[in-house]
Amino acid sequence: MLQSKLIGETYKEWPNEATLKSHGLLIKGGYIRQVGAGLYTLLPLAKKVEEKIRNIIREEMNLIDAQEILMPLVGTKKLWDMSGRYDSIGNEMVRFKDRSKADMVLSMTHEEPVVLMAMSEAQSYQKYPFSVYQIQTKFRDEARSRGGLIRTREFTMKDAYSFHTTKESLEETYKTYFDAYHRIFKKAGVPEVIAVKSDSGMMGGDVAHEYMLLCDAGEDKIITCESCDYSANMEIATYGNLKVETEKIEDLKLVETPSMKTIDDVCKFLNTEKSRMIKAVVYTRQDDYKPVVVYIRADRDVNETKLTNLIKADVEPRKEKDTDNIVYGFVGPYNFEGNDATIVIDKSLENEASLITGANILDKHYTGLNMKRDVKNAVYVDVAKVVEKDICPVCGKSSIRISNGIEVGNIFQLGTKYTKAMGMTYLDESSTPNNPIMGCYGIGVGRLIASVLEAKATNKAVNWPITIAPFDVHICPIDYSKNGEIYTKANDLYKVLKAKGLDVLLDDRNKQPGAKFADADLVGAPIRLVISPRNLESELLEVKVTGNDKAELIKESEVIDFIENARKKLLKECGC
RNA sequence: CGGGGUGUAGCGCAACUGGUAGCGCGCGUGGUUUGGGACCAUGAGGUUGCAGGUUCAAGUCCUGUCACUCCGACCA
């Protein structure tokens, strides 16, 4: 490719809407242009990167015998009614009518169409297990797209689906995807992506992992342990048992706490630590709108995802209601009489004693509460947010860390949620119909592009891994248009390298060296070849390989070999 | 969906108490120049987001509306 013909202008200034490194570089470097909120055109450079990522994914999917298919982006209401998701999914799914007034959707994921496909194509147990995948455009009307390619509304996604007759078979396939995903991220140049346990959300199913790239730009909170390999999304992370205060047993005592509704007020007033207090958080169930009261140690916060999963209903913070019979501000587990409330007691209170708690009487608290003695039949569950330095649930050490992470992929063991809902069966050996067990597996291709930049780029240079770089080699001749010798050398090398099958970009523009180098940093080819009058006198060429601090001067006669070897070495580092 | 911000040339921005739109970069042409974003000359490029209104006169004031963006909620 001749750079003079490359579509995609580079900017000298940092785009002001970009706060993320990847976002700014993609615009500055002429990779993407915005069309609307969460909508981007991929210019040639970005498209080349995307294509290389697609090919890595395709290669690995084929390797584990997943078969490529392509399902339509548009779905019918009828199909989505089969699973019930036409109604259960919110505004993220675009609904519209076709010319004959039939209700249609833009599929944001493809469980429904893939089950429909399997209905007709996989009726006998003999086909099972099998996997299909597609690399396709998705549209999700995100409430808030952001960060360039980090979160868009329209994006390319690889989604795979596996079908099984036994749970063991699903687990086996799940493991092959688990490993394939690690290979994909390694090949894409981000081996540091980790798999963490995650919430399955509306997808249903039991086991799920997210593949996370830990970096500041990430939107998810990821829990990792510094002492062992425990990791999980904040949404579902748990922690080990806390140390219980072993003070002497106190008697329960009613104390006056006039107008003290907040934890801080009471803490100050009674001169105690937050950890000695019980916090009562009141929510409203979104299914029957009855209250949910969560008791938790006051130095902890409620993890609403864990709570939602536990009580199997969405929750919203409850506004004070006269009809509730709840003494807001003075709620506690002793002598509580809330009407119809779901009571949830966090395990941070288990075996605790000498606690201060609301007395369910206006302006009064109890001190000396002993959970075992005073709260009969309590069931302790885990609904607390994990905090920094928390106790690891696996190794028991106080070594929990919280980081931000970008979710670049996920894998779910779905079970029979969709096959059951849609009434899909296969016949087993005894001619009995059964619902197949499913898994599903996604990778966000565009998001991966941005993630690689978050991991590898500086504010000036993108530094692509060779496996996904838009070009392998960037030839930057100085004084190309006037110096005949430079011109000839550059063109010769360009031809030879191209003939060797390398992706080569030749900067044939009449620009100052500084401008060329600045643009070369934005193209980010892992091998840069500079041809200059200065070095040509001694028949030397300058080669800069990504990852090396300095450029090397190579004899002209050896430069091709040098480049080929450098490329092989870089590929090997990516596991290719 | 809640809160903040911004809409003027491809990009970054300016234009005071209203007076009829300008600068830098980039782009075209001619020339000089060539190791970290060169220089001279010359030129093209705008219904100031949109719609109303006030006024002799609106980028500027008023009303409405749309879009984009940041923070939060949400996120198959």
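In what follows, chains are A, B, ... by sequence order, proteins preceding strands, each numbered from 1.
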> At what distance, to the nearest 0.5 angstrom, does OH of A/Tyr441 lie from CD1 of A/Ile64?
Replying inline: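 So the gap between those two atoms works out to 8.0 Å.
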
>> What's the separation between atom OH in A/Tyr418 and atom CD in A/Glu111, rounded to the nearest 0.5 Å?
In response: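 It comes to 4.5 Å.
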
> A/Ser145 or A/Arg534: which one's nearest nucleotide on RNA chain B is closer to the 5' end?
Replying inline: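 Looking at the nearest nucleotide for each, A/Arg534 comes out on the 5' side.
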
> More 5' along RNA chain B: A/Asp220 or A/Lys460, using each one's nearest nucleotide?
Replying inline: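 So the residue in question is A/Lys460.
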
Protein-nucleotide distance ([X], atom [atom1]; [N], atom [atom2]), rounded to Å:
X	N	atom1	atom2	value
A/Arg509	B/G36	CZ	P	16 Å
A/Ile478	B/G37	CD1	C1'	13 Å
A/Arg146	B/C70	CZ	P	8 Å
A/Asn233	B/C75	CG	P	12 Å
A/Tyr480	B/A38	OH	P	20 Å
A/Glu92	B/C74	CD	C1'	7 Å
A/His23	B/U69	NE2	P	8 Å
A/Phe412	B/C75	CZ	P	13 Å

Closer than 3.5 angstrom, by distance alone: can the side chain of [X] be matched with the main-chain N or O of [Y] as a donor-acceptor pair?
X	Y	answer
A/Arg447	A/Glu407	yes
A/Ser231	A/Ala195	yes
A/Asp220	A/Ile222	no

With rounding to the closest Å, how many angstrom separate the [atom1] atoms on [N] and [M]?
N	M	atom1	answer
B/A9	B/G45	P	15 Å
B/U8	B/U69	P	14 Å
B/U48	B/G22	P	13 Å
B/G72	B/G28	P	42 Å
B/U60	B/G18	P	11 Å
B/G31	B/U17	P	48 Å
B/A58	B/G52	C1'	13 Å
B/C27	B/G3	C1'	41 Å

Base, sugar-phosphate alone, or nothing: which one does [X] contact when heavy atoms must sit under 4.0 Å apart?
X	answer
A/Asn535	base
A/Asp519	base
A/Arg528	base
A/Ala37	sugar-phosphate
A/Gln34	sugar-phosphate

>> Treating primed atoms plus P, OP1 and OP2 as sugar-phosphate and everything else as base, which nucleotides of nucleotides 25-33 of chain B get B, S or - for protein heavy atoms under 4.0 Å?
In response: S-S-----B

Among [options], find the nucleotide with the atom closest to the side chain of [X].
X	options	answer
A/Phe517	B/C74, B/G36, B/C11	B/G36
A/Pro513	B/C68, B/G37, B/U34	B/U34
A/Arg144	B/U69, B/G37, B/A73	B/A73

>> Please identify which of these residues, A/Lys544, A/Lys28, A/Arg528, meets the salt bridge (charged side-chain N to carboxylate O under 4.0 Å, His left out) condition with A/Asp521.
In response: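 Filter result, single survivor: A/Arg528.
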
Presence of donor-acceptor pair under 3.5 Å, side chain of [X] and base of [N]:
X	N	result
A/Asn410	B/A76	yes
A/Arg151	B/C75	yes
A/Lys28	B/G37	yes

>> Please confirm whether the shortest side-chain N or O distance from A/Asn91 to OP1 or OP2 of B/C74 is below 4.0 Å.
In response: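 Answer no for this pair, as no side-chain N or O of A/Asn91 is under 4.0 Å from OP1 or OP2.
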
Can you name the one residue among [options] that meets side chain to side chain contact (heavy atoms under 4.5 Å, CB included) with [X]?
X	options	result
A/Ile135	A/Arg54, A/Met61, A/Met157	A/Arg54
A/Leu493	A/Val473, A/Ile475, A/Val504	A/Ile475
A/Asp141	A/Arg153, A/Met108, A/Met93	A/Arg153

>> Does A/Glu556 have more than 12 heavy atoms from other residues, nucleotides or ligands lying within 6.0 Å of its CD?
In response: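 Correct, the count exceeds 12.
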
>> Just so I know, are the side chains of A/Lys77 and A/Met104 near enough to count as touching, which here means a heavy-atom distance under 4.5 Å?
In response: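 Not in contact.
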
> Once the angle between the rings of A/Tyr174 and A/Phe178 is folded into 0 to 90°, is it parallel (under 30°), tilted (30 to 60°) or perpendicular (over 60°)?
Replying inline: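 If you compare the ring of A/Tyr174 with that of A/Phe178, the planes turn out tilted.
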
> Of all the base pairs, Watson-Crick or G-U under 3.5 Å, which form stems of three or more consecutive pairs involving RNA chain B?
Replying inline: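 As far as RNA chain B goes, consecutive pairing (with distances under 3.5 Å) yields the stems B:1-7 with B:66-72, B:10-13 with B:22-25, B:27-32 with B:38-43, B:49-53 with B:61-65.
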
